[in-house]
Structures are given as structure tokens and as C-alpha cells.
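Okay, structure first, notes after.
Since we're looking at a predicted model, the values are computed, not measured. Convention: sequence-line order gives letters A, B, ...; per-chain numbering from 1.
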There are 2 protein chains.
Amino acid sequence: MPSPSKRELIVDEALKLFYRHGFHATGVDAIIARAGVSKKTLYSHFRTKDELILATLRKRDELFRNKLMRATERRASEPRDRLLAVFDFLADWFHEKDFNGCMFINAAAEFAEQDNPSHMLSAEHKRLVADYLCEQAELAGARDPVALSHELNLLMEGAIVYAHVMGDKRSAERARDMARMFIDRQFD
Amino acid sequence: MPSPSKRELIVDEALKLFYRHGFHATGVDAIIARAGVSKKTLYSHFRTKDELILATLRKRDELFRNKLMRATERRASEPRDRLLAVFDFLADWFHEKDFNGCMFINAAAEFAEQDNPSHMLSAEHKRLVADYLCEQAELAGARDPVALSHELNLLMEGAIVYAHVMGDKRSAERARDMARMFIDRQFD
DNA sequence: CTCTATGTATACCGATCTGTTTACCTTGGA
DNA sequence: TCCAAGGTAAACAGATCGGTATACATAGAG
């Protein structure tokens, strides 16, 4: 049976390359070269490149949401404060040297059809982030947690686009200021 | 000298294909086939595919901003109302059958480096849209037109991402409701 | 020691990519 | 009528694509 560490190695390198250069622009040859693995090994773990892309997106989803949850829970202990702390997490993320936007927005751009598996997985990721926000909003005792989570999520997406397309990293602070209005409105 | 109508034909077909399938995934062979033009003709008008991509993005920018301005000015005569009408334009756009997100967000996803010409052109497009919003905010007599235009623009980007990645077309209405708060705040 | 599993390295497949070249056609103007 | 401009169709070049196959190395278990 295939060694799990090889598989992980491949996914990790694919993650970096897909995120930096895009999915279509990254060939499997580049991935195996960086992973130090033969092509046969790659195709023993993944039937096609598309399957590798899906595995990569799943790992990215797991890593990203863990990072988001850890960061916000480290910054703030009260759920209501965590709703704001999400935007501090964004600010840090935007300033990472290899920031290249949201990988799932990028994936949806390259796999435009709504029924494409990679596109669907991207939508699922966004839904899971919104679920986390909703959960925190509930814990905070917001009047309408669902509506609030959608508002905050929409602000996050806007900030990410601003930061990536226009290179304006202050968008995290702007979105944070905007978010405060919607949070406060839930607790008057 | 090359006939202008041929060039236009090529750009128009490239626009459709790039928007629908992405830039890397669309080959020049598909473009010339759809345009009914020989490869030599394409390369007499554009030195490389990248140059064609840039010309395509320039045309998209022109078409999109004209459509945005016409639609908002048709819907509302007062500048302050136009700021809200932008989100009605978004709603209509999201419901077009060939809606595939914002072509410039998609371009920035495929050409991730900030100094890539296509990425820079995408940033410029976003800046020009923000300029239009700022102009309308000024005409409306907003207290801080620059800040308001950034807020509205960020809401627009968020709504677009929501609509494309998650397929949630109601995001235009949600963003509109959110926008009202920031607009009203400028005129108390 | 030997067999088997797992891996590497590499050649190869057919398709497709961007871009060039060749040969031929059509059309308008002097 | 003839010529040049601008076009088409198609072959071609060289690289790269995703994916397969072959040959060989290595290491652990019996």
C-alpha cells in the first residue's frame, strides 16, 4: 500500500504551486520535481490531476479554517469579540509574503461552472466559514445570527478581493470598521 | 493596414471564451475557430496571446463601466439614489445566464503576481469603478466621498464573490441593504 | 538469500499549446 | 490587365500537457 508521507508531500507541494501560479498554469511535472517524487508515485495516489486538485483544496480548507479559528480564539475569548477578531486575522494574512488571495475564489475563477467539483468544494468552504461565524454569533447572543454571519462573510470576501486585486491591504481594517456597525446592531 | 472589423471580431470572441472558460484554458485555436479567422490574421493584430488578453480586458473594462453607469443613471436621477442603484445593477448582472463572476477578479486569480500586466489592468479597472462611485458620492454631497466609495466598492466585491463562488444571487440585495447604512451615515 | 512491494528514472504516447511559415486565393486600384 | 494587400487554409516547429509503460534499484520479511 502507498506510503502516507509521500502522498502528503505531494499535496503540500501542489498546494504551494497551485496557490502561487494557479491550477491550469501548474503542470504535474513541476509538482513531482518539487516534491522529489516520480510521476508513477503521483499517479498511484491520484488517478488524475483533477483528483489531486480536489485533495489539495480539501487540505487547504482544513488548514485555513483551523488557522482562522485558532487565531480568532487566541485573540478574543468572548464570542462577540471573536466576530471582530476575524478581521485582525485577515490583516495578518494579507501581510504574509506569499499572500495570493483566497485559493477558493481563485479556484472558482478557473473552474467557472457551478457544477464543477472544484467549484463546488470552494462553495462548500465558504459555507463552512459562514457556519463558523454563525456559530460564534449564536454564542454571542446575536438577535439574527444567520443574517449577521452573511454580512460579516460578505465583508470578508470584499476585503480579500481588495487586498489581492488592488493590493490594498488596509482593506482588513476598513472591513473591520464596517463590521462593527453590523455587530453592534445585533445587541442594542 | 489591418481591417479594424477583423480585430474587433477577434476581441469579441476572445472576450466570450476567456470569460467563460478562463485565460489559460482557452487556446488561440478556439478563438480563431469561433471568430472565423486564420491564425495569421490574429497574429497580425496581436503579437502574442498575452497582448490579446490585455486588449480583451481593456474592452471588457470599457463595456462594463459603460453598462454600470448607464444602468445606474437610468434607474436614478439623483446621485444619492444612484449609489444604491448600483446594487440593483449587480442583481440584474448576477441573473444574466452567462454570469461568471467578475472577469477582473478572475484575471487576478490566474495572473497572481501584482506586477503582471493583466493583474495591473484589473486593479486599474477596480480603481476606475471606485472613482465613479466617489464622483457620485461627491455630487450627492457626502461628507467623506472617498471613504464611502471604498465602503460601497468593498460591498460590491463581496456580493460578486458570493454570487459567483456560492451561487447566491441574493447577495446583491443583501449588499444593498448593507450599503444603505453607510450611505445614510453620510447625510445625517 | 530471495521474493515482493514500493519506489525512481526515464522514455514514450498522443494531444495540445503558442507561434511561424508556406502556398494559394480574392479583391480593389492604377 | 496587373500588381500588391490582406486574407484563408494548412502544414509545421518546438515545447509542454496529462498520463502510461518499461527498466532498474532498494529494502524488509520469510
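Under the side-chain contact (heavy atoms from CB on, under 4.5 Å) rule, B:Leu152 has a single partner from B:Val129, B:Leu83, B:Val86, which is B:Leu83.
For B:Lys40 and C:dT22, the shortest distance from a side-chain N or O to OP1 or OP2 is not below 4.0 Å. Residue B:Ser38 has no polar side-chain atom (N or O) positioned under 4.0 Å from OP1 or OP2 of D:dA10.
In terms of the side-chain contact (heavy atoms from CB on, under 4.5 Å) criterion, residue partners of B:Glu51 (sequence neighbours excluded) are, by chain and number, B:Phe46, B:Arg47, B:Thr48. For A:Tyr132, there are no ring pair (Phe, Tyr, Trp, His ring centres under 6.0 Å) partners two or more places apart in sequence or in a different chain. Residues satisfying the ring pair (Phe, Tyr, Trp, His ring centres under 6.0 Å) criterion with B:Tyr19, sequence neighbours excluded, are absent altogether. Partners of B:His119 according to the ring pair (Phe, Tyr, Trp, His ring centres under 6.0 Å) rule, which considers only residues two or more places apart in sequence or in another chain, are A:His164.
The nearest whole Å value for the distance from the CD1 atom in B:Ile53 to the P atom in C:dC17 is 13 Å. Taking atom NE2 of residue B:His45 and atom C1' of nucleotide C:dG19, one finds them 16 Å apart after rounding to whole Å. Note: CD (B:Glu51) to P (C:dT18) measures 15 Å, nearest angstrom. At whole-Å resolution of the value, CD1 in B:Ile31 and C1' in C:dC17 are 12 Å apart. Taking atom NZ of B:Lys6 as the reference point, atom P of D:dG7 lies 7 Å away to the nearest angstrom. Going from atom CD1 of B:Ile32 over to atom C1' of D:dT8 covers 10 Å, rounded to whole Å.
A distance of 9.5 Å separates OH of B:Tyr162 from CZ of B:Arg170, quoted to the nearest 0.5 Å.
Under the 6.0 Å cut-off for aromatic ring centres, A:His24 and A:Phe111 qualify, their centroids lying closer than that.
In the set C:dG7, C:dT8, D:dT8, the nucleotide with an atom closest to the side chain of A:Val37 is C:dT8.
Classified by interplanar angle (parallel below 30°, tilted 30° to 60°, perpendicular above 60°), the ring pair A:His125/A:Phe104 is parallel.
For the segment residues 14-21 of chain A, no residue has any heavy atom less than 4.0 angstrom from an atom of DNA chain D.
Residues A:Thr41 and A:Ser44 bring no donor and acceptor atom of their side chains to less than 3.5 Å of each other.
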Given protein heavy atoms under 4.0 Å, the one-letter contact record of nucleotides 14-19 of chain D, with B base, S sugar-phosphate only and - none, is simply ---SBB
